[in-house]
Chemist: 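Handing you this structure, nothing more for now.
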Amino acid sequence: MAEPSAKKARSEFFPSISKIQFEGPQSINPLAFKYYQPDEVIMGKKMRDWCRFAVSWWHTFNGQMGTDPFSNVKTHLRPWDVDGSMDTFLTRVDVAFEFFTKLGVDYYCFHDVDVAPQGSSLQEFQSNLDVISDKLLSKQKETGVKLLWATQNLFSHPRYKDGAATSPNFDSFAYGCAQTKKMLDVGKKLDADTHVFWGGREGFATALNTKVKSELDHMATFLKMAVAYKKKIGFKAQFTIEPKAREPTAHQYDYDAQTVIGFLYQHGLENEFKVNIEPNHTTLAGHDYEHDLRMASALGMLGSIDCNAGQPYLGWDTDEFPSDPRKCLLSMLIVVEQGGIAPGGNNFDCKLRRESTDIEDMFIAHIGGMDCLARGLIGACKLVQEGLMKKALEARYSSWSTTALAKKVEDGKASLEEIEAYALKTSEPKTSSGKQEYLEQLINRYI
Ligand code: XLS
Ligand code: NI
Ligand code: NI
């Protein structure tokens, strides 16, 4: 397959935009950072290493580009979106790396189908991926931009209409395995830090036609084979599963963080996978924005973040750029408390609104998201360093550290009988205030 012409490869796709600079919180320039200073060290780490920002290929370069459930006609018309040829896909690599470099982002992520045309057979798709990944590799070397994660799209093609790892059709399952194997090879070639498994259509529309137990067992087997292959080829990436409660199926298996973590333990996969949390999915599960980040982190399973936001008035996966400082503070607080997010990161599984049609909006959206999370990081570090929240938390649980029997309970060495004896000789418990309003007021100090 021919490389794009030298003229195309050299040309600038964003000629009016130069490298985005930090101008400080007083700046009103939408094309400048107000908070994000990549090399600024805060609590022992550079901001870039706390945040590990990544651009998502599918929403930014060739996703649905302004389509929504009510129109598949694109509103984001880009000059490089010529056709479905290899030439167009190769040009997009130049577009993408110019974008990453000007934005100053260290990572990117993609699905197989985002970067290469599928052609008319699996063989053709694989060889297209070989050509494209050669170019991605040389661009990575040239720019220093790295791959946060790659994944296989096992949900768009009609063969996956009933799922892939949980398909009732074995051949669809087999195609899903082939795509996965190939993407593990590509991930290794491009030195990806993690590898994401989003279940896509792993779930069911109705239980009336579904062998639920067999499907779940097939999914576990699929994941085990992926682990085995990863080890065989010496691919070091952290595997993650991305939970999602709804969409596309009415009943998604990977409902939320705790469901996925339970599944991993059930199948002895808890040391092989972590979770990639998308807060927009968390809200679809009926939880608060940062709930799954909190649960996953508390259980030592938070591996990476698809940092986006939903639209509560719509109730579907709208993939908006994060712009709420309170939510960003609470998310970054979890990252700071667990000491970082590496080898995962914050990838923008976010898309411009259908109405946002200017090319510069691509930059403004990412700058806004990066800045909002950087601001959250700064606030979170201050909150942790000042220690007031921790003090309130410790006070609330103090009886667990001041009572000898409580320690025995935590060590799993106490019996119900001895606790009964303790309760019988202890006067009515004096509980303390939960201090929710105080803490809500306190949090606002760091936003
Ligand atoms: C879809 C998911 C998807 C994953 C990657 O809702 O968020 O974009 O992040 O397959
Ligand atoms: Ni996602
Ligand atoms: Ni999503």
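Whatever order the structure lists ligands and atoms in, that order sets their numbers, starting from 1.
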Chemist: Identify the closest protein heavy atom to atom 2 (C) of ligand 1: which residue and atom is it, and at what distance?
Modeler: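 For this ligand atom, the closest protein heavy atom is E242 OE2, 3.4 Å.
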Chemist: Check all N, O or S atoms of E242 and name the one closest to the Ni ion (ligand 2).
Modeler: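 Going through the N, O and S atoms of E242 one by one, OE2 ends up nearest to the Ni ion (ligand 2).
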Chemist: Roughly how far, to the nearest 0.5 Å, is the CD1 atom of I20 from the OG1 atom of T101?
Modeler: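 CD1 of I20 is found 11.5 Å from OG1 of T101.
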Chemist: Between N276 and ligand 1, is there a nitrogen or oxygen pair with a distance under 3.5 Å?
Modeler: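 In fact, backbone or side chain, N276 has no N or O that close.
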Chemist: Is E40 salt-bridged to R48, going by a charged N under 4.0 Å from an acidic O?
Modeler: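 Judged by the 4.0 Å cut-off on N to carboxylate O distance, E40 and R48 do not form a salt bridge.
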Chemist: What N/O/S atom of D349 gets nearest to the Ni ion (ligand 2)?
Modeler: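 For D349, the N, O or S atom at the smallest distance from the Ni ion (ligand 2) is OD2.
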Chemist: Would you check whether D306 reaches within less than 4.0 Å of ligand 1, judged by its heavy atoms?
Modeler: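 Yes, D306 has a heavy atom closer than 4.0 Å to ligand 1.
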Chemist: With atoms numbered from 1 as shown, which atoms in ligand 1 lie under 4.0 angstrom from a non-hydrogen atom of W58?
Modeler: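 Counting atoms of ligand 1 from 1, those under 4.0 Å from W58 are 8 (O).
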Chemist: Under 4.0 Å between a Lys/Arg side-chain N and an Asp/Glu carboxylate O for K274 and E242?
Modeler: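 So K274 does not pair with E242 through a salt bridge.
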Chemist: Check the surroundings of atom CD1 in I28: do more than 12 heavy atoms from other residues, nucleotides or ligands lie under 6.0 Å from it?
Modeler: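 It does not: I28 CD1 has 12 such atoms or fewer within range.
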Chemist: Measure from the Ni ion (ligand 2) to every N/O/S atom of E278 and report the name of the nearest one.
Modeler: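 Considering only N, O and S atoms, E278 comes nearest to the Ni ion (ligand 2) through OE1.
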Chemist: Can you classify the ring geometry of W198 versus F155 as parallel (below 30°), tilted (30 to 60°) or perpendicular (above 60°)?
Modeler: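 Geometry flag for F155 against W198: perpendicular rings.
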Chemist: If you consider just the N/O/S atoms, which atom of D306 is the closest one to the Ni ion (ligand 2)?
Modeler: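 Output for this pair reads OD2.
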Chemist: Tell me whether ligand 1 is touched by H281 - counting only heavy atoms on the residue side and a distance under 4.0 Å.
Modeler: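 Yes.
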Chemist: Considering only NZ, NE, NH1 and NH2 on the basic side and carboxylate oxygens on the acidic side, decide whether D371 and R375 come within less than 4.0 Å.
Modeler: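 Salt bridge between D371 and R375, a charged N being under 4.0 Å from a carboxylate O: no.
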Chemist: Would you call D324 and K327 a salt bridge, taking side-chain N to carboxylate O under 4.0 Å as the test?
Modeler: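 Yes, D324 and K327 are salt-bridged.
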Chemist: Tell me whether the guanidinium CZ or amine NZ of K230 lies under 6.0 angstrom from the six-membered ring centre of F239 and within 45° of its axis.
Modeler: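 The answer is yes; both the distance and angle limits are met.
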Chemist: Considering distance alone, does some N or O of D349 sit under 3.5 Å from an N or O of ligand 1?
Modeler: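 Between D349 and ligand 1 (N or O atoms, distance only) the closest approach is under 3.5 Å.
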Chemist: Any idea which of D114, N308, D317 brings a heavy atom closest to atom 6 (O) of ligand 1?
Modeler: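 Going through D114, N308, D317 one by one, D317 has the nearest heavy atom to atom 6 (O) of ligand 1.
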Chemist: Using a distance threshold of 2.8 Å, state whether an N, O or S atom of D317 lies below it from the Ni ion (ligand 3).
Modeler: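 D317 does place an N, O or S atom closer than 2.8 Å to the Ni ion (ligand 3).
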Chemist: Could K231 and E272 be called an ion pair, given the rule that one side-chain N must be under 4.0 Å from one carboxylate O?
Modeler: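 Counted as a salt bridge, because a side-chain N and a carboxylate O are separated by less than 4.0 Å.
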Chemist: Please check whether H111 reaches ligand 1 - meaning an N/O of the residue sits under 3.5 Å from an N/O of the ligand, judged on distance alone.
Modeler: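 The answer is yes, given that H111 and ligand 1 share an N or O pair closer than 3.5 Å.
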Chemist: For ligand 1, is there an N or O atom under 3.5 Å from any N or O atom of W198?
Modeler: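 By distance alone, the answer is no.
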Chemist: Taking all non-hydrogen atoms of both residues, which atom of S27 and which atom of A32 are closest, and how far apart?
Modeler: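 Looking at all heavy atoms of both residues, the closest pair is OG-CB, 4.2 Å.
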Chemist: Would you check the N or O atoms of K244, main chain and side chain alike, for any that come under 3.5 Å of an N or O of ligand 1?
Modeler: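 Yes - when backbone and side-chain N and O of K244 are compared with those of ligand 1, one distance drops under 3.5 Å.
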